[in-house]
Amino acid sequence: MKTKWALFVVHFLIAFVLIGCDKIAVLDPKGPQAQTQANVIWLSIGIMSVIVVVVCAILVFVLVKYRDSKLPKDYEPPYIEGNRVVETIIVIVPILIVAFFSVVTIITNNKVEATPQAYKGQDPLIVYASSSNWKWHFSYPEENIETVNYLYIPTNRPLEFKLYSFGPITSFWIPQLGGQKYAMSDMVTTLHLAADEAGEMMGRNANFSGVGFAENSFYVEAMSQDDFDDWVTEVKETAEPLTEEKFQQLLKPGHLGQLTFTGTHLPFSPAPEGEHAGHNHGKDGPKADTNGNQEHDVHEHDTSTS
Amino acid sequence: MKVDHSQPLEYSTEQNRLNILGFWIFLGAEIMLFGTLFTCYFTLVNRTSDGPIGAEIFEITPVLMETFLLLTSSFVIGLGIHAMRLGNKKAMQAFFILTLLLGIGFLAFEITEFITYYEEGATLQTSAFTSILFTTLGTHGAHVSLGLFWGLFIILQVRKRGITPVTANKSFIFSLYWHFLDVVWIFIFTFIYMKGLTQL
Amino acid sequence: MGYFSRFAVPHPSPAIYASMIAIAVTVFLIIAGITYFKKWIYLWDGWITTVDHKKIGIMYLISALLMLFRGGVDALMMRAQLAVPDNKLLDSQHYNEVFSTHGVIMVLFMAMPYIMGLMNFVVPLQIGARDVAFPRLNAVSFWLFFMGAMLFNLSFVIGGSPDAGWSSYFPLAGNEFSPHVGTNYYMISIQIAGIGTLMTGINFLTTILKMRAPGMTLMRMPMFTWASLTTCIIIIFAFPVLTIALLMGTMDRLFATKFFTITDGGMDMLWANLFWVWGHPEVYILILPAFGLFSEIIPTFSRRNIYGYTSMVASMVLISFYSFLVWTHHFFTMGQTAYVNSIFSITTMIIAIPTGIKIFNWLFTMWRGRIRFTVPMLYCLAFIPLFTIGGVTGVMLAMSAADYQYHNTMFLVAHFHNVIIPGVVFAVLGASTYYWPKMFGFVLNEKIGKLAFWFLVIGFCLAFFPMYITGLDGQARRMYTYSEDTGFGPWNMVATIGAVCMAISFVLIVYMIYYSIRNAKKEAVSDPWDARNLEWATHTPVPEYNFAIIPQVNSREAFWDAKYKGHPLFKGDYEKIHMPNNSGVPFLMSLFFFALGFGLVFSMWYLAICGLIGVFICMAHRSFEQDHGRYISVEEIKETEAKYGGTHK
Amino acid sequence: MKELFPAKQVGGFVFSLILTGVALLVYYFNMSRAVGLTILTLTAFIQAAVQLVVFMHAREIEDSKSVFTTIYYAIIIALVTIFGTLLCMIWGWNY
């Protein structure tokens with residue numbers, strides 16, 4: 001009876017997990033980077049389950065065989081210092097596993113930190129994604145449009161996200177396209193992604209950033225390049241221009257719906273990269289552009305002394 | 001309390017040996033403390049924002065004076081411990097007092113230096129660089145100031161109670177502390193001042 | 001009123017008002033109770049001024065248990081809030097405060113002191129010493145931790161709790177985004193407790209290096225002592241980093257320095273870096289003593305010596321060193337290049353190797369043993385598979401390409417609870433049951449203990465395994481709510497049910513203690529488990545001098561060999577014993593620290609300066625004080641030994 | 001009077017002064033970054049070693065093994081922290 005129940009529970013759990021896995025975002029990739037990561041995850045789950053099974057098997061064996069109640073009354077456990085061979089095995093095998101994983105990790109690190117292999121050579125779409133409490137601003141400098149809290153991207157083209165923040169550290173994450181990366185206030189990080197197929201996705205800030213954090217998510221839609229171009233044209237025809245004044249209003253803490261503008265905030269509030277990087281600018285924050293010369297001097301000290 | 005006469009007075013009891021080893025381990029932690037400050041200093045040294053860089057505010061003369069004063073005081077307290085081992089209470093006290101005077105001299109130079117920095121517009125709040133500069137120097141300076149009081153207490157105790165296993169132990173541990181502050185200063189001198197002045 | 005308005009909680013709720021009243025009532029009842037039963041003098045002489053490592057250990061344990069319940073209530077509140085989608089039980093601000101305090105309390109004010117308590121009680125007994133190297137400093141350590149914990153808990157009712165997470169990343173924790181005093185509390189209370197911990201590290205390292213019984217070479221030390229030694233090394237070199245990080249954070253908040261600010265060259269990455277330079281070794285500060293405790297319990301209940309002693313020691317030493325080489329894996333996603341991430345990925349995975357060796361050695365210790373399923377042993381047996389799962393998910397997290405997907409999600413939350421709960425919590429609960437007879441002279445009830453154990457294990461699995469799945473499905477950690485269409489609902493409900501099971505288990509543990517105090521046979525048993533190491537060679541309860549005669553050690557399991565191979569442990573005659581005097585100064589000094597901390601939190605400079613002067617006066621007092629301790633005469637020893645039934649020879 | 005000034009201590013002091021002087025060369029003469037930093041690092045560590053051995057009597061304590069282990073361990077961990085931090089915040093970061 002007991003075994004029957006146990007079997008039932010195990011079956012039930014396996015079925016439950018399998019049904020669940022179908023829809024698990026990270027394991028349901030829509031782009032090459034997420035695919036790489038999902039592969040690593042499945043590979044590590046596979047090898048790691050073997051280790052867990054081996055440990056559990058030894059444990060069960062030992063517990064069944066050497067439990068007090070099963071042993072003869074006069075059984076006295078021996079004194080065993082250790083065994084060279086056994087100890088070598090339990091050192092060597094983990095070392096081999098770690099060595100294997102090290103190779104995997106070096107290869108995949110370089111993969112996810114570069115333009116996806118399949119789309120190499122193509123001109124990437126550059127999107128400046130900046131966060132403010134608790135919104136995401138997406139600037140398309142080449143298309144010269146800007147959106148808030150939603151992101152339209154073309155499929156089959158490399159995407160280069162330039163991330164930074166107007167406040168606390170946030171983390172830009174679209175699970176189905178690839179892993180996250182931090183957006184910080186005084187420097188720009190780069191995230192390489194790409195979408196293989198059209199579809200709707202969830203994106204969010206994954207790093208805790210205060211009261212409005214839970215709702216700090218955005219809507220992502222991948223579409224063909226043609227649809228994307230149509231959308232850009234449509235935006236340019238219909239959307240209001242983004243003024244500095246308007247942008248300052250948008251930065252105020254709070255939540256906003258989805259907004260669309262022509263023009264980006266980059267001309268009047270440049271991203272903290274290059275000359276505008278955090279370690280160069282002064283009291284005025286990312287906006288300080290007027291005393292560029294003076295800053296440049298400081299910058300030269302930087303390179304000479306670091 | 002068992003006293004082992006084959007060893008110098010400061011090592012002569014079990015508790016004394018424990019104290020000295022414990023203090024060495026504490027110095028290990030202090031190395032890490034200053035190591036962290038140096039970590040932060042090296043990370044932030046170029047983040048000068050609108051404020052001055054090191055070469056603009058550092059001056060060689062006061063730095064050399066501070067170095068000389070602290071080096072000498074470290075030497076003098078070494079002589080003090082030597083005198084203590086010879087049992088020469090008078091010489092020991094003289095050396096300890098001289099050490100503290102040199103320490104006060106060092107602090108005086110450092111404070112003047114800080115005032116100059118402030119006058120030149122490099123304050124604690126100017127930039128990440130000045131913040132970490134003042135914090136690193138200040139942590140060392142605070143250690144020296146604390147050492148002055150500690151040394152004074154020990155001189156008073158030696159004066160009143162003579163050179164006993166207890167006071168010898170305390171004096172020796174204080175000397176370790178003082179030498180250590182000199183070691184830290186060597187690194188400050190090298191990696192903050194010399195490196196900053198020469199802009200290497 | 002203007003003066004007092006700073007103490008107001010910025011975001012009050014009925015729960016906070018209720019706690020204010022509850023705290024006031026409890027404090028009043030405690031004071032009234034002590035006064036009514038005339039226990040003030042007993043409390044002062046017996047506990048507050050004590051320098052006895054055993055009593056300090058027990059005080060650590062009591063404080064840790066109290067903090068466990070505070071942190072546990074936080075956990076329950078979080079789970080209750082997340083049980084169903086769009087729940088309105090807590091609002092965002094409260095949820096943020098709750099998870100921040102939960103993290104800080106569980107790591108720094110529960111797990112750490114619990115470990116410190118066990119170290120305090122067990123290590124001197126295990127190495128055959130009469131006390132630690134610096135008994136007075138030990139009292140200072142405890143009281144600093146205690147005052148730090150009290151200061152931190154005060155934030156709940158005065159001024160508001162910290163709400164920037166237990167890692168308090170800047171600039172979120174800076175003045176601009178966290179204007180109320182919560183984060184000041186965080187910085188200063190951890191600083192105070194951290195100074196205490198650093199002193200404990202120095203104290204115990206000196207003790208273990210210098211005060212071992214004659215014949216106990218380093219390679220004959222019991223496993224828990226080895227674990228404590230390596231832990232102390234990590235403490236000594238990790239905590240100064242925290243000291244500096246907190247100092248810089250405090251200065252940013254109180255004196256407007258520019259370390260981690262957005263403007264003027266400040267670098268928010270540096271805080272994350274410093275925090276984890278300390279934070280990763282801190283994880284091993286928790287887990288190494290836990291490994292040590294398992295290595296004590298498993299041999300005892302397998303009736304066998306530990307398998308592969310040398311490799312066990314080597315792996316702990318390696319872990320203590322490697323723990324300093326891996327910190328960057330906490331922020332793989334911060335924008336370093338692929339090669340930096342690869343380096344730290346590999347160092348992180350390397351740490352799994354010594355840990356794996358330990359797991360297999362424990363398994364082989366049970367092999368050909370004679371396994372008894374007592375409560376402490378059950379915790380060890382549950383630890384092995386569960387910790388293995390936690391460990392292998394750790395290796396998964398270490399692969400930085402995949403970490404981009406796990407980072408900041410419930411997967412990560414599941415992982416570290418999966419190592420800390422089976423690792424540390426099971427260890428301390430098992431060890432408390434194991435050492436309970438030595439501490440209090442009676443054995444805890446097995447039946448209730450086993451029931452609590454099963455509730456805990458099943459509750460744990462239910463609570464944390466679903467998080468692996470929701471994490472991979474995109475549930476970020478620290479989200480106070482989620483919408484229905486995310487599909488996280490059912491899994492979170494399971495997790496909440498698990499949390500309730502764990503809560504029941506802790507209630508059962510309290511009931512077990514109560515029941516055992518009432519019903520257990522109070523006959524002094526000095527060796528109830530047929531154990532193997534020196535801590536069981538002395539009487540129960542342990543006399544204040546621990547051992548009337550310092551034991552002579554000539555093997556790794558001195559007490560076992562004394563029992564079964566007839567090696568004489570206690571040679572020679574009684575001699576007068578030197579013991580340190582009690583002192584109220586440590587307590588007083590930590591009170592001044594408390595005043596200093598409270599003054600700093602609220603920028604009340606006069607109070608802070610007074611506190612600081614008080615601290616210096618205490619230090620000066622210590623410098624001038626002539627305290628040579630006292631002697632316990634041979635007659636007294638004879639009397640005590642006769643009362644307990646004589647020294648085994 | 002002479003016995004109060006042992007040769008070992010005086011020698012150590014003079015040596016320290018010389019090392020400081022050598023470090024000063026970097027200030028007074030123009031030299032490349034590599035040479036300058038090497039001279040500074042060497043003089044600093046040698047001077048620290050002189051303090052440790054000559055003045056702090058680190059060798060004569062019966063636990064000198066423990067003492068040196070502690071100091072070496074501290075130095076190694078401090079260096080790991082310094083260079084590791086620079087690696088992930090400065091050198092290994094794309095500005």
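Residue numbers begin at 1 in each chain, while the letters A, B, ... track the order of the sequences. Just so you know, these numbers use all the heavy atoms, side chains as well, and skip hydrogens, waters and symmetry mates.
The distance between the ring centers of A:Trp173 and A:Phe218 does not fall below 6.0 angstrom. Within the 6.0 Å centre-distance limit, the rings of C:Phe383 and C:Trp362 are counted as a close aromatic pair.
With a 4.5 angstrom heavy-atom cutoff, C:Phe177 touches chain A only via side-chain atoms. Using a 4.5 Å cut-off between heavy atoms, A:Asn133 contacts chain C through its side chain alone, with no backbone atom that close. Of the two parts of C:Phe387, neither the backbone nor the side chain holds a non-hydrogen atom closer than 4.5 Å to a non-hydrogen atom of chain A. With a 4.5 Å cut-off on non-hydrogen atoms, A:Arg204 touches chain C through its side chain but not through its backbone. Residue contact with chain C, scored on non-hydrogen atoms closer than 4.5 Å, involves the side chain of A:Glu215 exclusively. Only the side chain of C:Ser345 comes within less than 4.5 Å of a heavy atom in chain A; its backbone stays farther off. Proximity to chain A is limited to the backbone of C:Phe170, based on heavy atoms less than 4.5 angstrom apart. In this structure, the portion of C:Trp560 lying under 4.5 Å from any heavy atom of chain A is its side chain and not its backbone. Proximity to chain C (any heavy atom under 4.5 Å) is shown, for A:Ala38, by neither the backbone nor the side chain. When heavy atoms are compared at a cutoff of 4.5 Å, C:Arg556 approaches chain A solely by way of its side chain, counted from C-beta outward. Proximity to chain C is absent for every atom of A:Pro29, based on heavy atoms less than 4.5 angstrom apart. In this structure, the portions of C:Tyr307 lying under 4.5 Å from any heavy atom of chain A include both its backbone and its side chain.
Chain A forms the most heavy-atom pairs under 4.5 Å with one residue out of C:Ile353, C:Ile306, C:Ile346, and that residue is C:Ile353. Comparing C:Ala398, C:Ser311, C:Gly356, C:Gly487 by how many heavy-atom pairs each has under 4.5 Å with chain A, the most go to C:Ser311. In terms of heavy-atom pairs under 4.5 Å with chain C, the best-connected choice from A:Pro78, A:Ser209, A:Pro94, A:Pro175 is A:Pro78. Each of A:Val52, A:Asn207, A:Val112 has some count of heavy-atom pairs under 4.5 Å with chain C, and the biggest count is that of A:Asn207. Ranked by heavy-atom pairs shorter than 4.5 Å toward chain C, the options A:Val40, A:Val93, A:Val98 are led by A:Val98. Highest contact tally toward chain C, considering only A:Leu163, A:Leu59, A:Asn39, is held by A:Leu59 [criterion: heavy-atom pairs under 4.5 Å]. Among the candidates A:Ile95, A:Leu191, A:Ile51, the residue making the largest number of heavy-atom pairs closer than 4.5 Å to chain C is A:Ile95. Ranking A:Ser44, A:Ala34, A:Ser171 against chain C, the residue ahead of the rest is A:Ser44, based on heavy-atom pairs under 4.5 Å. Contacts with chain A were tallied for C:Thr365, C:Thr310, C:Asn305, C:Thr388; C:Asn305 has the most, counting heavy-atom pairs under 4.5 Å. Of the listed residues C:Ile343, C:Thr261, C:Ile357, the one with more heavy-atom pairs under 4.5 angstrom with chain A than any other is C:Ile357.
Although no hydrogens or angles enter the test, the distance criterion places no donor-acceptor pair under 3.5 Å between the side chain of C:Glu176 and the main chain of C:Pro171. The backbone N or O of C:Ala401 sits less than 3.5 Å from a side-chain atom of A:Asn109, completing a donor-acceptor pair. A distance-only check finds no donor-acceptor pair linking the side chain of A:Asp28 to the backbone of A:Ile24 [under 3.5 Å].
Paired with C:Tyr95 under the rule side chain to side chain contact (heavy atoms under 4.5 Å, CB included), one option of C:Asp163, C:Asn87, C:Leu82, C:Thr481 passes, and it is C:Leu82. A side-chain hydrogen bond (donor to acceptor under 3.5 Å, both in side chains) with C:Gln475 is found for exactly one of C:Thr470, C:Thr486, C:Thr409, namely C:Thr470.
Residue A:Ile80 holds its CD1 atom at 4.5 Å from CZ of C:Arg368, rounded to the nearest 0.5 Å.
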Side chains of residues 390-397 of chain C: which donor-acceptor pairs under 3.5 Å do they make with residues two or more places apart or in other chains?
unit_1, atom_1, unit_2, atom_2, d
C:Thr393, OG1, C:Ile389, O, 3.2
C:Thr393, OG1, C:Gly390, O, 2.7
C:Thr393, OG1, C:His415, ND1, 3.0
C:Thr393, OG1, C:Tyr468, OH, 3.3

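Side-chain N/O atoms of A:Gln33 and A:Gln37 include no donor and acceptor closer than 3.5 Å.
Applying the side chain to side chain contact (heavy atoms under 4.5 Å, CB included) criterion to A:Leu71, with sequence neighbours excluded, gives A:Tyr66, A:Tyr75, C:Arg370.
Relative ring orientation between A:Tyr182 and C:His407 is described as tilted, the plane-to-plane angle lying within the 30° to 60° band.
The number of heavy-atom neighbours closer than 6.0 Å to CH2 of C:Trp367, taken from other residues, nucleotides and ligands shown, is 12 or below.
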